[in-house]
Novice: 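Sharing a structure, written as C-alpha cells. Questions coming.
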Protein chains: 2
Amino acid sequence: MTTTSPQGRTELLRPDGSPVRVLVVDDEQSITELLSMALRYEGWQIRSAGDGTGAVQTAREFRPDAVVLDMMLPDMDGLAVLGRLRRELPDVPVLFLTAKDALEDRIAGLTAGGDDYVTKPFSLEEVVARLRGLIRRSGAADRRSDSTLVVGDLMLDEDSHEVSRAGDNIHLTATEFELLRFLMRNPRRVLSKAQILDRVWSYDFGGQANVVELYISYLRRKIDAGREPMIHTRRGAGYLIKPAA
Amino acid sequence: MTTTSPQGRTELLRPDGSPVRVLVVDDEQSITELLSMALRYEGWQIRSAGDGTGAVQTAREFRPDAVVLDMMLPDMDGLAVLGRLRRELPDVPVLFLTAKDALEDRIAGLTAGGDDYVTKPFSLEEVVARLRGLIRRSGAADRRSDSTLVVGDLMLDEDSHEVSRAGDNIHLTATEFELLRFLMRNPRRVLSKAQILDRVWSYDFGGQANVVELYISYLRRKIDAGREPMIHTRRGAGYLIKPAA
DNA sequence: TGTGTTTCTCAGGCAATTCACAGGTTCCGC
DNA sequence: GCGGAACCTGTGAATTGCCTGAGAAACACA
C-alpha cells in the first residue's frame with residue numbers, strides 16, 4: 001500500500017498498514033546513525049546492529065522487511081552473516097554496503113538473487129531509492145506502488161532511470177538523476193542547498209557548496225531549456241520544482 | 001491537532017491536547033533565555049540546558065517533541081551530544097544552531113534525517129517557523145495541520161514559500177516573506193515596530209528602526225497595490241493585517 | 001593506454017536584496 | 001490652522017547570492 005504523508009510524499013507501507021521495518025548493520029556508529037535518521041524520515045521503523053552476532057539476534061526478534069548489511073564487520077565475514085540471516089529470514093532482501101575497491105565478483109553473484117548493493121561512500125538518496133526498490137519488488141509492500149515519479153509533464157522512472165519531458169527523452173548523468181529525483185520526491189517544496197547536499201552527495205563530500213548551483217544549472221539546461229521552467233530558485237532559501245502550468 | 005488560542009493564533013498541540021515540549025540547548029544564557037521566551041509565547045513547554053550532559057539528562061526525563069541544539073557546547077562536541085540524544089529519543093527532530101562560517105565542515109549530514117538548522121545570528125521568526133515545520137513533519141502534532149497561512153484572500157505557503165492574493169502570485173524577498181509571515185500569524189492584532197524588529201530581524205541587528213516602515217511599504221506595494229488594503233497602520237502603536245472585507 | 005564522459009573547482013559577472021539617508025506627507029493635539 | 005511627531009517612500013550604495021564558462025582531475029570503458 002502507498003499513502004501520502006503530510007509532506008505530500010508517497011511512502012511505503014506493509015499490506016496491513018503498519019510501517020516497513022528495516023535492520024541496519026554496520027560497525028561504524030556514525031554510519032548506522034546517519035542511515036537510521038534518514039530511513040526513519042521515510043517513515044520506516046529502524047533497528048541497528050554493530051556486528052554479525054547482534055544482527056542475527058535482532059533479525060530474529062525484529063523480523064525486518066529489508067536489511068542493510070555492511071560486508072565488512074569485525075566479528076564475522078559478510079557472507080557468514082548473510083548465511084545466518086538467510087536462515088532466519090529466507091525471503092528478506094538485503095542491501096549490501098561495500099568499499100569501492102572491495103568490489104569483488106562475489107557481490108555480483110549475491111545480487112543475482114534480487115538483492116542489491118551500494119558502495120561506500122554512498123549518498124542517502126541512493127540508499128533510500130535502492131531500499132525502496134528492494135522492498136517494492138519483494139512484495140513486502142503493496143506491489144501496485146510503482147516506480148515512476150511525475151511532476152507536470154516531467155517523468156522519471158526509478159527502475160529504468162529514464163527521464164522525459166513532454167515525451168522527449170532526456171539523458172542525465174548519475175548525479176543529475178539523483179538531484180532530479182530528490183527534487184521530484186519533494187515537489188512544490190523549497191529544498192535548501194544544505195539539504196540537497198546532505199541527501200544527494202555522499203556523506204564524506206567535502207567540497208564547495210556551489211556544486212549544487214552548478215548541477216541545478218545543468219538540470220535546467222536539459223529540462224527547462226526552451227520551455228516553461230519547472231525548477232525555480234528561491235533566493236536565500238533554496239530550490240523547488242513544480243509543474244510548469 | 002491545531003487549535004485557536006484566545007489571541008486568535010493557531011498553535012500546535014500534541015494529539016492528546018497537551019502542549020508541545022521543546023528542549024533548548026545552548027551555553028550562552030542570553031540565547032536560551034531569548035529562545036525560551038519566544039517559544040513559550042508559542043504556547044509550548046520549554047526546558048533548557050547549558051551543556052551536553054545536562055541536555056541528555058533533561059531529555060531523558062522531559063521527553064521533548066523537538067530539540068534546539070547549539071553545535072558549539074563547552075563540554076562535548078555537538079555531534080557527540082546528538083548521538084546521545086538520539087539514543088534517548090530516536091525520533092525527535094533537532095534544529096541545529098551553528099555559526100555561519102562553520103557551515104562548510106561540520107554540517108554535512110545534519111539535515112539528512114529531516115532535521116534542520118539555522119545560522120547564528122538568527123531571527124526568532126525563523127527559529128519558530130523551522131521548529132513548527134519540524135514538529136509538523138515529525139508527526140508529534142496532528143498531521144492535519146498544514147503549511148498554509150490564510151488571511152482573507154491572501155495566502156502564504158510555508159513549504160513552497162509561495163504567496164498569492166486573490167489568486168495572483170506575488171514574489172517576495174526573504175525579508176518581506178518573514179515579515180508577512182509574522183503579520184499573518186497574528187492577524188487582527190497590532191504589532192509594534194519593536195516587536196517586529198525583535199521577531200523578524202536577527203537578534204544582533206543594529207540598524208535603524210525605520211527598516212520596518214520601509215519593509216511595510218514594500219509589502220504594501222506588492223500586496224495592497226490597487227486593492228482593498230489589508231495592512232493597516234495604527235499610528236503610535238504599530239501595524240496589523242486583517243481581511244479586506 | 002587512449003578517448004570520451006563526468007565531476008568538480010575557481011572566478012568573473014550580474015542582478016536581486018538590504019539598508020541608510022533624507023525629504024515629503026499625514027495625523028493629531030492645541 | 002499650526003507645529004511637531006510619526007510615518008511614508010524615492011534614491012542610491014554596498015553587499016550578497018546566484019549563475020555559468022573554462023578547464024583540471026577523476027573516472028569508465030574499450
Side-chain angles (χ1 to χ4, degrees), chain A residues 99-101 103 108 119-123 125-126 161 163 170-180 190-197 200-225 229 231-240, chain B residues 100-101 103-104 108 119 121-123 125-126 161 163 170-180 183 190-197 200-202 204-226 229 231-240:
Chain A
K100 181 169 265 158
D101 43 348
L103 243 191
T119 57
K120 284 185 175 184
F122 47 78
S123 79
E125 266 305 289
E126 197 179 340
H161 278 219
V163 174
I170 294 173
H171 170 80
L172 298 184
T173 70
T175 309
E176 290 163 358
F177 179 82
E178 294 223 338
L179 171 55
L180 183 60
V190 175
L191 301 166
S192 71
K193 275 184 270 195
Q195 279 177 302
I196 293 173
L197 216 46
V200 175
W201 270 261
S202 52
Y203 55 79
D204 72 339
F205 178 80
Q208 305 301 113
N210 90 327
V211 275
V212 177
E213 296 168 21
L214 185 62
Y215 273 85
I216 288 282
S217 143
Y218 291 159
L219 271 188
R220 281 180 166 145
R221 226 171 283 175
K222 294 183 175 179
I223 285 167
D224 284 346
I231 299 173
H232 303 267
T233 303
R234 290 277 175 277
R235 195 172 229 266
Y239 300 94
L240 76 98
Chain B
K100 183 173 255 153
D101 44 343
L103 246 188
E104 298 300 319
T119 57
F122 46 77
S123 78
E125 256 319 276
E126 199 179 339
H161 282 218
V163 175
I170 295 173
H171 171 81
L172 298 185
T173 71
T175 308
E176 289 163 359
F177 180 83
E178 294 230 331
L179 171 55
L180 182 60
L183 293 174
V190 176
L191 300 165
S192 72
K193 275 185 270 193
Q195 276 178 304
I196 293 173
L197 212 48
V200 176
W201 271 261
S202 51
D204 72 340
F205 178 79
Q208 306 300 113
N210 90 327
V211 276
V212 178
E213 296 169 19
L214 185 60
Y215 272 86
I216 288 283
S217 138
Y218 291 159
L219 271 189
R220 282 181 166 143
R221 211 172 296 172
K222 294 182 175 179
I223 284 167
D224 285 346
I231 299 173
H232 304 268
T233 304
R234 289 280 174 274
R235 204 182 168 77
Y239 301 93
L240 74 97

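Chain identifiers are assigned alphabetically (A, B, ...) following the order of the sequence lines, protein sequences preceding nucleic acid strands; residue numbering begins at 1 within each chain. Excluded from the calculations below are hydrogen atoms, water molecules and symmetry mates; all remaining heavy atoms, backbone and side chain alike, are included.
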Novice: Mind checking which nucleotides bracket the chain B contacts on DNA chain D, 5' to 3', with an atom under 4.0 Å from a heavy atom?
Specialist: D:dA5 to D:dG10
Novice: For B:P121 and B:S202, which heavy atoms make the closest approach, and how far apart are they?
Specialist: O-CB, 3.6 Å
Novice: Give, for atom CG of A:D224 and atom NE2 of A:H232, the distance between the pair rounded to the nearest 0.5 Å.
Specialist: 7.0 Å
Novice: Using atom NZ of A:K222 as one end and atom C1' of C:dT5 as the other, report the distance to the nearest whole Å.
Specialist: 10 Å
Novice: Using a heavy-atom cut-off of under 4.0 Å over every strand shown, decide if A:L214 touches base, sugar-phosphate, or nothing.
Specialist: base
Novice: Measure the spacing between CG of A:L197 and CZ of A:F205 and express it to the nearest 0.5 Å.
Specialist: 6.0 Å
Novice: From A:I231 CD1 over to A:L180 CG, what is the distance, rounded to the nearest 0.5 angstrom?
Specialist: 6.5 Å
Novice: Using the side-chain hydrogen bond (donor to acceptor under 3.5 Å, both in side chains) criterion, which residues pair with A:T175? Sequence neighbours excluded.
Specialist: none
Novice: Heavy atom of residues 204-212 of chain B under 4.0 Å from DNA chain C: which residues?
Specialist: B:F205, B:G207, B:Q208, B:N210, B:V211
Novice: Relative to the 5' end of DNA chain D, which residue comes earlier, B:S217 or A:Y239, by the nucleotide with the nearest heavy atom?
Specialist: B:S217
Novice: Start with the C-alpha gap between A:R220 and A:T233, add the side-chain angles, then the distance that decides, and say whether side-chain contact (heavy atoms from CB on, under 4.5 Å) holds.
Specialist: CA-CA 11 Å; A:R220 281 180 166 145; A:T233 303; 2.6 Å; yes
Novice: Checking all strands, does B:F177 fall into the base, sugar-phosphate, or nothing category for heavy-atom contacts under 4.0 angstrom?
Specialist: nothing
Novice: Where is the tightest heavy-atom contact between B:Q195 and B:V190, given as atom of each residue plus distance?
Specialist: OE1-O, 4.0 Å
Novice: What's the spacing between A:E126 CD and A:E178 CD if we round to 0.5 Å?
Specialist: 5.0 Å
Novice: Rounded to the Å, how far apart are B:I216 CD1 and C:dT18 C1'?
Specialist: 16 Å
Novice: Atom CG in B:L240, atom OG in B:S192: separation rounded to 0.5 Å?
Specialist: 12.5 Å
Novice: Could you pull out the closest heavy-atom pair between A:E176 and A:K222, with the gap in Å?
Specialist: OE1-NZ, 2.7 Å
Novice: Atom pairs under 3.5 Å, N or O on each side, protein against nucleotides 24-30 of chain C: can you list them with distances?
Specialist:
residue, atom, partner, partner atom, Å
C:dC27, O2, B:R235, NH2, 3.3

Novice: Ring-plane angle category for A:Y203 and A:F122, please: parallel below 30°, perpendicular beyond 60°, tilted otherwise.
Specialist: perpendicular
Novice: Rounding to an integer number of Å, can you tell me how far B:K193 NZ sits from C:dC19 P?
Specialist: 16 Å
Novice: With rounding to the nearest 0.5 Å, note down the distance linking CG in A:L191 to CD1 in A:I196.
Specialist: 5.5 Å
Novice: Calculate the interatomic distance between B:H161 atom NE2 and C:dT17 atom P; express it in whole Å.
Specialist: 14 Å
Novice: Quick one: side chains of residues 207-219 of chain B, donor-acceptor pairs under 3.5 Å with protein atoms, not counting sequence neighbours, listed by atom name and distance.
Specialist:
residue, atom, partner, partner atom, Å
B:E213, OE2, B:K193, NZ, 2.8

Novice: Rounding to an integer number of Å, can you tell me how far B:E178 CD sits from C:dT18 C1'?
Specialist: 14 Å
Novice: For C:dT18, does either OP1 or OP2 sit under 4.0 Å from a side-chain N or O belonging to B:W201?
Specialist: no
Novice: Quick one: bend of the helix from C:dT1-D:dA30 to C:dC30-D:dG1 from 5 pairs per end, to 10°?
Specialist: 40°
Novice: Rounding to an integer number of Å, can you tell me how far A:L179 CG sits from C:dC8 P?
Specialist: 12 Å
Novice: Over how many whole Å does the gap from A:E213 atom CD to C:dA11 atom P extend?
Specialist: 15 Å
Novice: Are OP1 or OP2 of C:dA16 and a side-chain N or O of B:T173 less than 4.0 angstrom apart?
Specialist: no
